[in-house]
> 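What follows is a structure written as structure tokens; I'll ask about it next.
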Amino acid sequence: MASMLKLPANCVVFQQQRRAVLARAGTSRLDATGFNWKQRASSSSSSAMNMIPQMSISAVPNQSLEKSLPKNKIDIPIMVNSCSGKMGKAIIQAADSAGLSVVPASFGSAEESGQTVQVGANEILIHGPSERERTLASLLEKYPNLIVVDFTVPSAVNDNAELYCKVGVPFVMGTTGGDRDRLYKTVEDSLVYAVISPQMGKQVVAFLAAMEIMAEQFPGAFSGYSLQVMESHQASKVDTSGTAKAVISCFQKLGVSFDMEQVQLVRDPQQQLEMVGVPEEHLSGHAFHMYHLSSPDETVSFEFQHNVCGRSIYAEGTIDSVIFLAKKVHSKAEKRLYNMIDVLREGNMR
């Protein structure tokens, strides 16, 4: 099945090669949770049924982005906080491609305060914590249609959301972590418009939605099956992916017994190159996930896989969310708090 997929050259799933390498690897960090890769590679027989749905996503920017926007689009100035980070820069580049205006201000740490960051043609001044409220209020007065984009750090989630709501500026937040219940309550109480989603990749969100539908409609369908999960991210990501946790939760509802501690985290660049098949140019920014299910007698196996190279999929999803939110604000929609599922349901997929 993998050979039937037309995958981009920079994001090829090295299925057979990886199996062979993993089979030779023997005992390693990858099989620390008991996933016998060697046995898996050699256990395929004519009596076994292997169904391997795969999704591979390339980070190639969408060249038709600007053309897909409505001709009468609303003027949307955006403020990208943490603009000095890789995600912030990717969002600014996507905003430029979409014809949005990036305001020349961003929030950062106290150490970054006063620094200027150049991203494309945008020269952005970073404001430290002590200047945030005054700066944001001034920007909102100057740009009445302002929308803030927040990809900062988990520890700043709640404070940032409370500031946006206090000033009254709509925002799109892709930052994970923080007290999520408090976050949602802050937005709901303030009546500020917001899109909040820890996963901004539209296609990945669609995959998660499909998993949730399957779990809801067919509970227990995989009872008795064993599950192994491997996820590979850049070395700077130390925690387990929220996407992986969401997929595992669906499998648990489908009857699979699995503990989150069993997830195999691959963060070593050499293993990512040799065992996972991550392109070298994307070692610093990727998300490769694989979920392997086996029947009790090991005669049936299922494999779900999604690979993301780079950050453009998240940046483009973020810009879609900004455009979506601007329309909701403009139309004075009754609903104020949204997620990426709402963005997808709106249509206008690019």
> Have a look at Thr175 and tell me which of Leu183, Val157, Asn160 forms a side-chain contact (heavy atoms from CB on, under 4.5 Å) with it.
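For Thr175, the side-chain contact (heavy atoms from CB on, under 4.5 Å) test succeeds with only one of Leu183, Val157, Asn160, which is Val157.
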
> Do Thr243 and Gln199 have a side chain donor and acceptor closer than 3.5 Å?
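Yes, side-chain donor-acceptor contact under 3.5 Å.
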
> Give the C-alpha distance, both sets of side-chain angles, the deciding distance and a yes or no for side-chain contact (heavy atoms from CB on, under 4.5 Å) between Leu283 and Leu273.
CA-CA 8 Å; Leu283 288 175; Leu273 281 171; 3.9 Å; yes

> Check ring pair (Phe, Tyr, Trp, His ring centres under 6.0 Å) between Tyr164 and all other residues, then give those that pass, not counting sequence neighbours.
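Per chain and number, Tyr164 pairs via ring pair (Phe, Tyr, Trp, His ring centres under 6.0 Å) with Phe171.
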
> With respect to Met79, which candidate in Val149, Ile124, Leu136 satisfies the side-chain contact (heavy atoms from CB on, under 4.5 Å) definition?
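Of Val149, Ile124, Leu136, side-chain contact (heavy atoms from CB on, under 4.5 Å) with Met79 is met by Leu136 alone.
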
> Applying the 4.5 Å side-chain criterion to the ILVMFWY set and letting contacts propagate, would Tyr338 and Leu344 be lumped into a single cluster?
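In one cluster with Tyr338: Leu344, yes.
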
> Would you say the side chain of Ser241 lies within less than 4.5 Å of the side chain of His233, judging by non-hydrogen atoms?
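Side-chain contact under 4.5 Å: yes.
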
> With a 3.5 Å distance limit and no angle check, can you tell me whether Asn81 reaches the backbone of Phe107 through a side-chain donor-acceptor pair?
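Yes, Asn81 side chain to Phe107 backbone: donor-acceptor pair under 3.5 Å.
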
> I want to check something: taking the side chain as every heavy atom from C-beta on, are Met214 and Leu254 in contact at a cut-off of under 4.5 Å?
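A side-chain contact under 4.5 Å exists here.
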
> Just jot down the ring pair (Phe, Tyr, Trp, His ring centres under 6.0 Å) partners of Tyr143, sequence neighbours excluded, or say none.
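With sequence neighbours excluded, Tyr143 shows a ring pair (Phe, Tyr, Trp, His ring centres under 6.0 Å) to no residue whatsoever.
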
> Just jot down the side-chain contact (heavy atoms from CB on, under 4.5 Å) partners of Pro170, sequence neighbours excluded, or say none.
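If we apply the side-chain contact (heavy atoms from CB on, under 4.5 Å) test to Pro170, skipping adjacent residues, the hits are Ile147, Tyr193, Leu325, Val329.
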
> Measure across Ala194 and Val187 and return the closest heavy-atom pair with its distance rounded to 0.1 Å.
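Looking at all heavy atoms of both residues, the closest pair is CB-CG1, 4.0 Å.
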
> Mark yes when over 12 heavy atoms from residues, nucleotides or ligands other than Gln118 sit less than 6.0 Å from its CD; otherwise mark no.
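For Gln118, atom CD is crowded (more than 12 foreign heavy atoms under 6.0 Å).
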
> I would like to know whether Ser232 and Gln272 meet side chain to side chain donor-acceptor pair (under 3.5 Å); could you show each step before the answer?
CA-CA 7 Å; Ser232 173; Gln272 291 171 343; 3.2 Å; yes

> Does a side-chain N-to-carboxylate-O contact under 4.0 Å join Asp342 and Lys328?
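Not counted as a salt bridge, because no side-chain N and carboxylate O are separated by less than 4.0 Å.
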
> Is it true that a side-chain atom of Asn122 and a backbone atom of Val119 form a donor plus acceptor pair closer than 3.5 Å?
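The answer is yes, because a donor-acceptor pair under 3.5 Å joins these two groups.
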
> Under the ring pair (Phe, Tyr, Trp, His ring centres under 6.0 Å) test, which residues partner His286, sequence neighbours left out?
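Listed in chain order: Phe288.
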
> I'd like to know if Glu231 pairs up with Lys237 as an ion pair, taking the criterion as any Lys NZ or Arg NE/NH1/NH2 lying under 4.0 Å from an Asp or Glu carboxylate oxygen.
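Salt bridge flag = no for Lys237 with Glu231.
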
> Are Val195 and Leu100 connected in the hydrophobic side-chain network, where two residues link if heavy atoms are under 4.5 Å apart?
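Linked within one cluster.
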
> Using a 3.5 Å cut-off and no angle test, enumerate the donor-acceptor pairs between side-chain atoms of residues 246-253 and protein atoms at least two apart in sequence or in another chain.
unit_1	atom_1	unit_2	atom_2	d
Gln252	NE2	Phe258	O	2.7

> Is it possible for you to say whether Ile92 and Leu139 belong to one hydrophobic cluster, with membership spreading through side-chain heavy-atom contacts below 4.5 Å?
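No, it is not one cluster - the side chains of Ile92 and Leu139 are not joined through contacts under 4.5 Å.
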
> Any donor-acceptor pair under 3.5 Å linking the side chain of Ser138 with the backbone of Arg134?
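No.
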
> Using distance alone, with no hydrogens and no angle criterion, decide if His292 and Ser294 have a side-chain donor and acceptor under 3.5 Å apart.
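Present: a donor and an acceptor within the cut-off.
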
> Specify whether Phe304 and Phe302 have parallel, tilted or perpendicular ring planes, treating 30° as the upper limit for parallel and 60° as the lower limit for perpendicular.
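Phe304 and Phe302: parallel rings.
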
> More than 12 heavy atoms of other residues, nucleotides or ligands under 6.0 Å from NZ of Lys335: is that the case?
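Enclosed.
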
> Taking Ile341 as the starting point, is it possible to reach Tyr314 by hopping between hydrophobic residues whose side chains are less than 4.5 Å apart?
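Tyr314 clusters together with Ile341.
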
> Quick one, Ile196 and Leu337 - any side-chain contact, counting heavy atoms below 4.5 Å?
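When only atoms from C-beta onward are counted, Leu337 and Ile196 do touch, with a gap below 4.5 Å.
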
> Could Glu316 and Arg311 be called an ion pair, given the rule that one side-chain N must be under 4.0 Å from one carboxylate O?
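Here Glu316 does not pair with Arg311 in a salt bridge, since their nearest N and O are not under 4.0 Å apart.
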
> Quick one: do Met173 and Val103 end up in the same hydrophobic cluster if we chain Ile, Leu, Val, Met, Phe, Trp and Tyr together by side-chain heavy atoms under 4.5 Å apart?
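Same cluster.
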
> Using the side-chain contact (heavy atoms from CB on, under 4.5 Å) criterion, which residues pair with Ser84? Sequence neighbours excluded.
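With neighbours one apart ignored, the set is Glu112, Val117, Ile126.
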
> Quick one: do the Thr116 and Glu123 side chains pair a donor with an acceptor below 3.5 Å?
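No, Glu123 and Thr116 have no side-chain donor paired with an acceptor closer than 3.5 Å.
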
> Assess the residue pair Lys245 and Met260 against the criterion (side-chain contact (heavy atoms from CB on, under 4.5 Å)); give the C-alpha distance rounded to whole Å, side-chain angles, the decisive distance to 0.1 Å, and a yes or no.
CA-CA 7 Å; Lys245 290 179 180 178; Met260 292 293 180; 4.0 Å; yes

> Which distance, rounded to the nearest 0.5 Å, do you find between the CE of Met275 and the CE of Met230?
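If I round to the nearest 0.5 Å, the distance is 10.5 Å.
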
